[in-house]
Structures are given as structure tokens and as C-alpha cells.
Amino acid sequence: MNKSYKNTFDPNLKKALLETILRDIPEDYSSPYILEIINALIGSLSRGDIYLDLDEKESIPLEIKSKGWPTKHSKALEQSGLLSTENGPLVITDNLLAFKRWHKEMEELIYYLDEKSKNNINSLTGSSLKDQQNYQLHLNDDQKKAIEKVLFQKLILISGGPGTGKTKTIAQMLIQLFINKPNIKVGLAAPTGKAARRLRESLHASLDNVNENIMEKLLKVQCKTLHKWLKAKEGKFLVNKSHPLQLDLLVVDEMSMVDINLMKSLTNALQKRTQLVLVGDPDQLPPVGSGAIWNHLHTKKMLTRFKDERIELRKVYRNRGQIALLAKSLQSKGLDSFWEDLNRIPSDSNVDFHKERKSIIPPFIINELHKHQKKLQTLSKNLVINKYYMNINSEVEEEEAFKDLSTKIFCCLEELIVLCPRKYGYWSVDHINKTMLENHFENDISTWPEGVPVICGANQPEIGLSNGDIGLTVGNEGSRYLLFRVMSEDEKLKSRLIEPSRVKQLNAAFAITIHKAQGSESARVILMWPNSTYDHLSLKKEVLQLDKKFEKSLLYTAITRAKKRLDIIKEDLSKE
């Protein structure tokens, strides 16, 4: 192998993986096609997908520079020996290229789900929906099918975009189960703390006209992160095959965020009797870790394989106007049409498209962030005055007042969010936070102004915080606290004031990355989208590498965070 090609790989790739692959290529065989395709495969892994589609001719992987994709690259692969049945590290199945190890793990997961789907629940067969027909007056046919399936199927796959009633469907499924089997043990799960809290809140909000007995059971259903269900500790899970979950049914939401390793750990911890309901939007970003299991389950082959287990929710209940139309256009017509459609947005729509110079943050964004911060400052000052200075007659009144004010703060936090595809460089999270905090940016958080949105960067179950949780600075420099919404020991959502020194990793959150926004929504979203992939402000040499498939998922995830209004700002090269 020509060793000069080693320098073409991304420097962040694992050295051991590269050396293993290069060692398996015969010494007398040298081809830039091989190195490009391996680099593309590793790039795909870094973007969450273990497969490289060799049939994809329009969206050429970033790492492919030579002409002739995919024909010449496929031919070079066949000649290289890397696809050897016995020793080759790569495998092609249905024209999808993957590392053999990752492909094997995916196949094992698919086999597990396939076996799960074959074991129906005989004990509930014959049960009907008539007992709870009053609860289902406003459900569509797809939702009713999902609810009926929960009576007898061990595996159910529910997919749908934002506003299609996924959470309401889950709630009605649980109601049906509690009616037919009152003592059933149910658990709800999501990949992140933020997503778990959102699931719990949305579930409770969707419970209307439910009798007290069923309501009491629903409110007692535990909703935790997958890591909490599996009792993660020191790099391993204490809940496993030897000590499985004691559940009759587990519902996992936000499946697009679940990678292959986490899914494998989950399936190892499930008993044969446990029903599994997987829910998510297949068009969202793949997981940060490798192995987009939810995306793979929505390939043509898998849709056919699991057609009886799959329910697609298509009717949109939340009217998001032009936002919903853009999301649909992006998925059906692709990126080029998406950007063209933005240029034709009606002036009276709930979407605004701006083209601005990349070297500065557009002034209107700074103005909007300052107005938002002032609202947060007013609320936080009221909170502190109420908590520490007002003479309140009883602790009960004090707690109720604190709860009401903190609820207003978190509602305000969800009124506006600025999203960026990267952390560093122009139009990045770092760029916006520095612009907003000015001289305070490099200082200790105790000197930051009151009412600054902050984001937790690490899981800290001991104080109820999860990576990605959004909070607020409250109090002055002498008595600085952070207000967060946490999950208490009794699995209830509570607002809590936390001393900054107790939070291991904390950053300002005037803007956050699109990845961090998964599992959440905001009334208004401002999305900043730079054209260039690299610039001199990228302090950590972060390269925004986007192939068309990943870019589409990134854009879709960003715009579907918006409930009422969306602003998209794209770099205008003519102004630079």
C-alpha cells in the first residue's frame, strides 16, 4: 500500500482502525479509490451511520474526490480483498457497505426485534377498544391501529414527524393496557434527560377525560433515561441479562437518538415477556454514537420486514403553517428545492429568510436576544425577591409562589432559541455567546448578569441534572444560583436552585447546537446557517463537514424545533 495516502484521512480517526484496514490490503495493491471509500465509510460512522449506500449517485460522500463514484470504487473494493468472506473487514449487503463488526451487531439487533415480533401476547387477544371508546373520540385510524396492536403484539414501531400525535398515541395505548390489565408494569424511556422530561410533560398534558383510577396509574408510570433504567455506573450497566428489567412494557421515545451500543444494552436487559414500543421521527439527526438503528429500521427492506409492527402517523395536528410545509418539502424534494422555496416565502408567513454577512452576528438577532434576556431578568428578580425577601405567612404559600414563578421562567426560556450547526467559528454557539456576554465571557459565572440562559454539559444524577438541560442564572454576584428543572428522587419534575460550584460543566446558552436541541421545542427558532465549512475563527479547528444526507437531517431537525415562528439566516457570499 502506498503509505502516502495515510495523510488523506481525517486526523481525528482512530489510529488503530486505520492501521488494521491498511494492513489487510495486499501490499501490491494501491488505489486512491480504496482509500477514499474507507475514509467515506469512517466519515459516515462519525456522522452516526454505519452504512455507506453504494447506490447513492446524487449525494456523493464528502470524502470521495475521484470521478467514477460509485462504479470505480465498487470495482476497486472487489479487487482489494477487503470483502473476503473469512478475513475481510468490510461487507456489502443490499449494496450497503459497512465494517463487518458493526454490520454484525446491527444484524443481531434486527434478529432480536424479528424474534420479539413473532411472540404475540395471547392473554390479551380478543380484547376490544370499546371499554375506552370515550377516550378515543379524537383519534385517527393510524392511532387506533397502534392502540389495538398494544393488546397483542410484543413489538410496535411508531414513526411520525412533529405534531402527528405520537405522545397522545402513547397515552391512549397505556390507558388501554391499564383497562385490560390493571396490574401491568409499565416504563417510559428516552435517550436524554431533556427528552425524558419532555415526554413526561407531554404525556401528562395529553390526559383528558380519564377516570381517576386510570389517571392515578398513569401518573405513577416512571419516565427515565435509558441510562437510568439500565443503572449505568462506571462505564457499565448493572441492569443486564443477569439482572433484567422487571417490566411488562417499555416505551422508548426519540429513537432517532439511540445508537447501536445503547440499543444492544437495552435489548440485553429486556425479558422475553416484555413488550417493546419504539417511537421516533426517522428524518431527524442520527445519534451522536455510531449505528442509527431507527434510521436503518426505515430502509425499504426493513419497512417490508416489519410491516405488521409498523405504524406511521401522518396526520399533523399542530398547525405550524409554512414551517410544516418547508419540512415536508425538504424531505420530499431535497435540499436544492428547500433553499429555492425559502426564496419564495410569502411575506405574511411564519417563516422569514435572511441573507447576511457572516463576519458579524446580524443586529436583529442580538436585539431579540437582549429583549428575551430582559424578560428573563425581570422574572428571575421576582423569583429571588419572593424566595428570600418577602414575608410569606407559610411554607406552603412560599413553595407555591416559587413554583409559579419558576414555571413562568421555563415557559419564557422556551419562547426563543438560536440554533447553530457548530460550536466554534463564525455564526457559532461560541460566537453568539461571546457577543452577548462581552467582557463577562471569560469571567467566572458568578459575575455574569442575571437572567443568562445556561446549559449543563454533563450528566449529574446526584443533583438531578442531565447533559443538555437548560437553566438560568438568578440572584446577584453575592448570592448567585442556577435555576434548573430537575427530576427528583421520587421521579417528579421540580424546579431547583443549585449553586454553580456543584455543576461540573456549564456554558452560556444564548445559542445551542442543533444536536443539543433534539428532544425539545421552542415557540420561535432562529437558525444560523453558514455556507463555508471552515474559517480562521474555528478555534478548535472544527470542520463542519456535511454531505447532503446529513445536511438534510440537520436542517430538518433544526426547523422542526419551531412551534410558531422560524427565522433562517444564511450567509450571503456577495456581501463579504
Going through the checks in order, is the side chain to side chain contact (heavy atoms under 4.5 Å, CB included) test met by Leu313 and Gln143? CA-CA 7 Å; Leu313 303 178; Gln143 290 174 311; 3.9 Å; yes
Can a donor-acceptor pair be found, under 3.5 Å and without considering hydrogens, that links the side chain of [X] to the backbone of [Y]?
X	Y	value
Thr560	Tyr556	yes
Thr225	Lys228	yes
Glu105	Asn261	no
Lys185	Gln246	no
Thr93	Leu96	no
Ser74	Pro70	yes
Gln153	Leu155	yes
Lys166	Asp253	no
Ser290	Leu45	yes
Gln322	Ile345	no

Which is it for Thr557 and Leu419 under the side chain to side chain contact (heavy atoms under 4.5 Å, CB included) test, yes or no, and what are the steps along the way? CA-CA 10 Å; Thr557 302; Leu419 298 180; over 6 Å; no
Under a 4.5 Å cut-off applied to non-hydrogen side-chain atoms, are [X] and [Y] in contact?
X	Y	answer
Trp229	Leu247	yes
Ile110	Met302	yes
Leu97	Leu83	yes
Ile526	Leu416	yes
Arg310	Ser159	yes
Gln172	Leu139	yes
Leu555	Leu330	yes
Gln518	Arg561	no

Nearest atoms (heavy-atom pairs only) where [X] meets [Y]:
X	Y	result
Ile470	Phe410	O-CE2, 3.8 Å
Leu218	Ile175	CD1-CG1, 3.7 Å
Gly161	Asp281	CA-OD2, 3.5 Å
Asn350	Lys564	ND2-O, 3.0 Å
Val258	Pro191	CG2-CG, 3.6 Å
Gly160	Pro282	N-CD, 4.4 Å

salt_bridge([X], [Y]) N-O dist < 4.0 Å:
X	Y	value
Glu312	Lys145	no
Glu115	Lys118	yes
Lys315	Asp142	no
Lys220	Glu216	yes
Asp469	Arg485	no
Asp94	Lys301	yes
Arg197	Glu201	no
Lys549	Asp49	yes
Arg47	Glu63	yes
Asp341	Lys333	yes

To the closest 0.5 Å, what do you measure between [atom1] ([X]) and [atom2] ([Y])?
X	Y	atom1	atom2	result
Leu188	Cys223	CG	SG	5.0 Å
Leu276	Lys154	CG	NZ	11.0 Å
Thr167	Arg200	OG1	CZ	13.5 Å
Gln176	Ile214	CD	CD1	9.5 Å
Cys456	Leu465	SG	CG	4.5 Å
Trp529	Ile568	CH2	CD1	9.5 Å

Less than 3.5 Å apart, any donor N or O on the side chain of Asn95 or Asp55 sitting next to an acceptor on the other? yes
Do Lys194 and Asn467 have side-chain N/O donor and acceptor atoms under 3.5 Å apart? no
Could you go step by step and tell me if Ser495 and Phe484 meet the side chain to side chain contact (heavy atoms under 4.5 Å, CB included) rule? CA-CA 6 Å; Ser495 298; Phe484 276 103; over 6 Å; no
Looking at Val150, Ile147, Leu199, which hits side-chain contact (heavy atoms from CB on, under 4.5 Å) with Ile170? Leu199
ring-ring contact (aromatic ring centres under 6.0 Å, His included) pairs touching residues 257-311, sequence neighbours excluded, are Tyr51-His296, Trp294-His298
Can you confirm whether more than 12 heavy atoms, excluding those of Lys116, are under 6.0 Å from its NZ atom? yes
Go through the steps for Phe402 and Leu483 under the test side chain to side chain contact (heavy atoms under 4.5 Å, CB included), then give the verdict. CA-CA 11 Å; Phe402 176 77; Leu483 179 70; 4.0 Å; yes
